[in-house]
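First the proteins, then the strands, lettered A, B, ... as listed; each starts at 1.
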Protein chains: 2
Amino acid sequence: MDQTNGSITTSRLPPQRVTIAQLADKLGLTKGTVSRALNGYPDIADATRLRVQRQAERMGYRPLTQAQAIRTGRTRALGLVLQSDIPGGQRPFLSDFLAGISSTASEQSWTLTFATASSGPEMLGTLERLVHERKADGFILPRTLRHDPRADLLRQLDVPFVLYGRVADPEGCAWFDILGEDAIRQAVLRMAGHGHRRIAFVNGGAVYNFSALREDGFRQGMAEAALAVDESLMLEGAMTRQSGAAATSRLLTMPLPPTGIVFATDAAALGAYDAAETLGLEVGQDVSVISYDGIPEGAWARPPLTTFNVDSRAAGQRLAGLLIRRIEGAAPEALRETAQAFLKIGGSDGPPRHAPEALAARIQS
Amino acid sequence: MDQTNGSITTSRLPPQRVTIAQLADKLGLTKGTVSRALNGYPDIADATRLRVQRQAERMGYRPLTQAQAIRTGRTRALGLVLQSDIPGGQRPFLSDFLAGISSTASEQSWTLTFATASSGPEMLGTLERLVHERKADGFILPRTLRHDPRADLLRQLDVPFVLYGRVADPEGCAWFDILGEDAIRQAVLRMAGHGHRRIAFVNGGAVYNFSALREDGFRQGMAEAALAVDESLMLEGAMTRQSGAAATSRLLTMPLPPTGIVFATDAAALGAYDAAETLGLEVGQDVSVISYDGIPEGAWARPPLTTFNVDSRAAGQRLAGLLIRRIEGAAPEALRETAQAFLKIGGSDGPPRHAPEALAARIQS
DNA sequence: ACCCTTGCCGAAACCGGTTTCGGAGCCGAT
DNA sequence: ATCGGCTCCGAAACCGGTTTCGGCAAGGGT
C-alpha cells in the first residue's frame with residue numbers, strides 16, 4: 001500500500017490505533033461521554049453527538065472489538081461451523097457461499113469465524129466452545145436437519161442463529177431457504193411435458209428437512225400432471241455420485257423402468273451418467289434426468305445436466321444479513337426469507353425415446 | 001428468550017464462565033499471581049504453579065482471549081483471505097483445505113478468521129483491516145505470486161504470515177509447498193516412457209510462482225528423457241477449462257501436433273476433453289494427457305484424468321501449524337516445509353496411437 | 001551478627017472500552 | 001424566592017485479563 005510516501009521503504013509509522021481516550025482528549029470530553037455519544041445513548045446533546053462523530057471520523061477511530069467484547073459480550077463476528085465428514089458435502093458451492101457471507105459481513109464490518117467439525121457430536125462441542133470463548137455472536141447453520149440438534153443447543157444457550165433451510169419445529173428459528181419443492185414440482189411438470197409418464201424420484205437423506213419438502217414437491221407435480229405415483233419408483237438417501245449411480249441402476253433394471261428420473265441433488269444425478277454408461281444407455285435420450293443444485297460439474301457432464309440452479313453466493317449474503325439483524329435483536333419470526341431456484345437447461349432431459357417396456361427390453365439385452 | 005430457567009428442560013445453569021478472579025479466590029492468591037503462574041513467568045514457585053494449574057483444570061478455567069488480547073494484542077486467531085474473483089480459483093479443494101486448517105487450529109484452541117476480497121487492491125485493504133482490528137494474529141496466503149504484494153504488505157506491517165507456495169524473494173518468508181516441479185518432471189518421464197516423443201506443456205498464469213517452477217520441471221524431465229523442447233509447444237496462462245480447451249485445440253491443429261500434453265493444472269486439463277471431443281479425438285488414445293492437482297472432477301471425467309494428487313487437507317494442517325509457530329516467535333527461515341504430490345493413474349494417458357504426422361492427418365479430415 | 005541476594009508473591013496500574021451514578025445548570029411553575 | 005424536573009456531562013467503577021514494581025522472608029557469604 002504505503003510504499004509510496006517517505007524515503008525508501010521505512011518511514012511507515014507503526015499503524016497506531018487511535019483510542020477512545022485520545023479522541024476524548026481532543027474533544028475535551030471524557031471517555032464515558034464519547035462512548036455514550038457514539039453508541040446512541042439518549043443523554044447526550046445532539047450537538048455533542050455530532051461533534052464526536054465528526055471527530056471520530058476525522059481521526060479514523062475504530063473501537064477495538066476485543067475491548068468492547070469484554071464488557072458487552074459482542075465480538076461482531078459471525079460463526080460458521082461445517083461438518084467435514086458428510087459425503088455429499090457442500091463442496092462445490094462452498095466457495096461462493098463463503099464469499100457471499102463474508103462480503104456482506106465485511107460491508108458492515110463484521111467478520112467470519114470459521115470452524116469445521118468431523119462429526120455430529122464434535123459439531124455441538126465446537127459450537128459450544130466458540131460460544132464459550134465468545135468467538136462468534138451467532139451462527140449460520142447450513143444443511144438444516146428435520147430435527148436439528150444444533151438449533152436445539154443454540155436455543156438453549158440463547159445464542160442467535162439462522163438456518164439455511166427450514167426446520168420441522170420453527171419455534172424461535174430464523175431462516176433463509178430456497179424453495180426446492182417448487183423446483184422439483186416444476187421438474188416433474190417439465191418431464192411430463194416431454195411426454196414421460198413413468199417418472200422416478202431419487203431423494204436425499206431423510207434426516208435433512210429439504211428431503212421431505214422436495215418429496216412433497218414431487219408428489220404435487222405428479223398430481224398436477226395427472227400422473228399416479230408408483231411408490232416403487234420413490235428412492236431416498238442418495239447424495240453422492242456413487243449412491244446416485246446405485247439408485248439409478250436399481251431403477252433401470254426394474255421390470256418396468258422409468259423413462260425419466262428427477263433427482264433431489266446434482267451429486268446423485270451425476271451418478272446416473274455412470275449407471276447409464278454401464279447399462280449402455282444414453283442420458284437425455286434413453287433416460288431423462290432433471291436435478292437440483294446447479295453445481296459446476298453438472299455443466300461439465302456430457303450431455304450437460306438439466307438442473308435447477310441455486311445462487312449460493314446470494315444465499316450467503318442473505319444469511320449473513322439476517323444473522324446480523326438477529327444478533328442485533330430482531331425477532332426470529334421476522335427473519336424468514338425464501339428464494340427460488342432457476343432452471344438451467346442442459347441436455348440431460350428430453351422426450352422419451354422408448355416406452356418403458358421397450359426400454360426394459362433394451363436393457364435386458 | 002428466557003425460556004430457560006424454570007422447570008422442564010432447563011436445569012442448565014447459564015454456562016457461567018469462570019474468571020481468573022474466581023480462580024484466584026479459590027486458591028487464596030491474587031489475579032496477578034495466577035496469571036503469571038499460568039503464563040510461565042519464572043518468579044513463581046514450582047509448587048504454586050502446579051497448584052494453580054491443577055485448580056484451573058478442575059474449575060475448567062479458560063482465559064477469555066478477548067480480554068487477553070487487549071493487553072497482549074494476541075487473539076489466537078489465524079487469518080485467511082481468499083480472492084473470490086480469480087477464474088481458476090481454489091474452488092474444489094477449498095473444503096478440504098479449510099478443514100485442514102481449522103482442525104489443526106482448534107486442536108491448539110486457535111480459531112480461523114475468514115474473509116474474501118473481490119480484487120487485488122481490496123485484498124490488501126482487507127488484510128490491513130483485519131490486522132488493524134486485531135481479528136487475526138497472522139495470515140495464511142494461498143496462491144503465492146512470484147512477487148506477492150500481500151507478503152510485502154505484511155512484512156512491512158511486521159505481521160506473521162505463511163505462504164502456500166514459495167516465492168521469488170524469500171526474505172522473511174515462511175512457507176509450505178508441494179514440489180510441483182518434481183511432479184511435472186515425473187509426468188514428462190511417464191509420457192516418454194509411453195513412447196511419446198512430441199510432448200507439449202500447458203502452463204498456468206505467469207504471475208504465479210508455481211508456473212515458473214513447473215516449467216523448470218518440464219524442461220528437466222525432457223532433458224532426462226533426452227527429448228528436445230519445441231518452444232512452440234510451450235503454452236501458458238491456462239487455468240480454466242475454457243482456456244485449457246483453447247490451448248489444446250491450438251496445439252492439436254498445428255502442422256505437427258503433440259501426441260502427449262502435460263498440464264500444470266487439472267482445470268486446464270479438463271478442457272482438453274472438450275477440445276478432443278470437438279476434433280473427434282479420444283483422450284487417452286489419440287492424445288495423452290497428464291496433469292496436476294487431483295481435483296475430484298478429474299476422477300469423474302471419461303476416461304478419468306491421470307494426475308498428480310495434492311493432499312489439500314494435509315497442506316492446510318501443515319500451514320496452520322507453521323503459522324502458529326511463526327506467531328509464537330519462530331524464525332521464518334526455520335519454517336519452510338515441502339511435500340510431494342502423488343500420481344493418481346487414470347485413463348487419460350497411454351502409448352501414442354499415431355505418430356504426430358498421422359495424428360495431423362486424422363485431424364485435417 | 002550483619003548485609004546482600006534471591007525467591008516468591010501481593011498490590012496496583014494498565015489495556016480500551018462500557019455503564020452506572022450523581023450532580024451541576026437551566027427551565028418553568030408555584 | 002423556592003422548588004421540582006430535565007438535560008447533559010463528569011467521575012468512577014467495571015469487564016477480565018496482563019504486567020510492573022516493590023517488599024517480605026529465607027538463604028548465603030563474610
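- Each of B:Arg134 and B:Asp43 lies near DNA chain C, and the nucleotide nearest B:Asp43 is the one positioned closer to the 5' end.
- Here the options are B:Val159, B:Asp137, B:Val162, the test is side-chain contact (heavy atoms from CB on, under 4.5 Å), and the partner is B:Ile327; only B:Asp137 passes.
- Looking at residues 27-39 of chain A, you'll see A:Gly28, A:Leu29, A:Thr30, A:Thr33, A:Arg36 sit with a heavy atom under 4.0 Å from some atom of DNA chain D.
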Which side-chain N or O atoms in residues 114-122 of chain A pair as donor and acceptor under 3.5 Å with protein atoms at least two apart or in another chain?
from	atom 1	to	atom 2	distance (Å)
A:Thr116	OG1	B:Ser102	OG	2.5
A:Ser118	OG	A:Glu122	OE1	2.6
A:Ser119	OG	A:Glu122	N	3.3
A:Glu122	OE2	A:Ser118	N	3.3

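- Under the salt bridge (Lys or Arg N to Asp or Glu O under 4.0 Å) criterion, A:Arg62 pairs with B:Glu133, not counting sequence neighbours.
- For the contact set between residues 64-79 of chain A and DNA chain D, defined by any heavy atom under 4.0 Å, the members are A:Ile70, A:Arg71.
- DNA chain C lies under 4.0 Å from at least one heavy atom of each of the following residues of residues 45-60 of chain B: B:Ala45, B:Thr48.
- Summary for the helix from C:dA1-D:dT30 to C:dT30-D:dA1: the axes at its two ends, each from 5 pairs, differ by 60° when rounded to the nearest 10 degrees.
- Partners of B:Thr72 under the side-chain hydrogen bond (donor to acceptor under 3.5 Å, both in side chains) rule, at least two apart in sequence or in another chain, do not exist in this structure.
- Under the side-chain hydrogen bond (donor to acceptor under 3.5 Å, both in side chains) criterion, B:Asp177 pairs with B:Arg166, not counting sequence neighbours.
- The aromatic rings of B:Tyr164 and B:Phe176 are tilted relative to each other, their planes meeting at an angle between 30° and 60°.
- At least one donor-acceptor pair closer than 3.5 Å links the side chain of B:Arg150 to the backbone N or O of B:Pro142.
- Taking every nucleotide of DNA chain D with any atom under 4.0 Å from a non-hydrogen atom of chain A, the first and last of them, 5' to 3', are D:dC8 to D:dG16.
- With sequence neighbours excluded, no residue satisfies side-chain hydrogen bond (donor to acceptor under 3.5 Å, both in side chains) with A:Asp25.
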Output a table of donor-acceptor pairs, distance under 3.5 Å, between side-chain atoms of residues 313-324 of chain A and any protein atom two or more places apart or on a different chain; print 'none' if there are none.
from	atom 1	to	atom 2	distance (Å)
A:Gln317	NE2	A:Ser103	OG	3.4
A:Arg318	NE	A:Glu337	OE1	2.8
A:Arg318	NH2	A:Glu337	OE1	2.9
A:Arg318	NH2	A:Glu337	OE2	2.6

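- Side chain of B:Asn39 to main chain of B:Ser35: a donor-acceptor pair is present (N/O by atom type, distance under 3.5 Å, no hydrogens or angles).
- Using a distance-only test at 3.5 Å, with no hydrogens or angles considered, no donor-acceptor pair links the side chain of A:Asp96 to the main chain of A:Phe93.
- Summarising the local packing, CD of B:Glu171 is surrounded by 12 or fewer heavy atoms from other residues, nucleotides or ligands at distances under 6.0 Å.
- Every residue meeting the side-chain hydrogen bond (donor to acceptor under 3.5 Å, both in side chains) condition with B:Asp43, not counting sequence neighbours, appears here in chain and number order: B:Arg36.
- Residue A:Asp152 qualifies as enclosed at atom CG: its count of foreign heavy atoms under 6.0 Å is above 12.
- Put simply, the side chain of A:Arg76 never gets that close to the backbone of A:Ala69: no donor and acceptor are under 3.5 Å apart.
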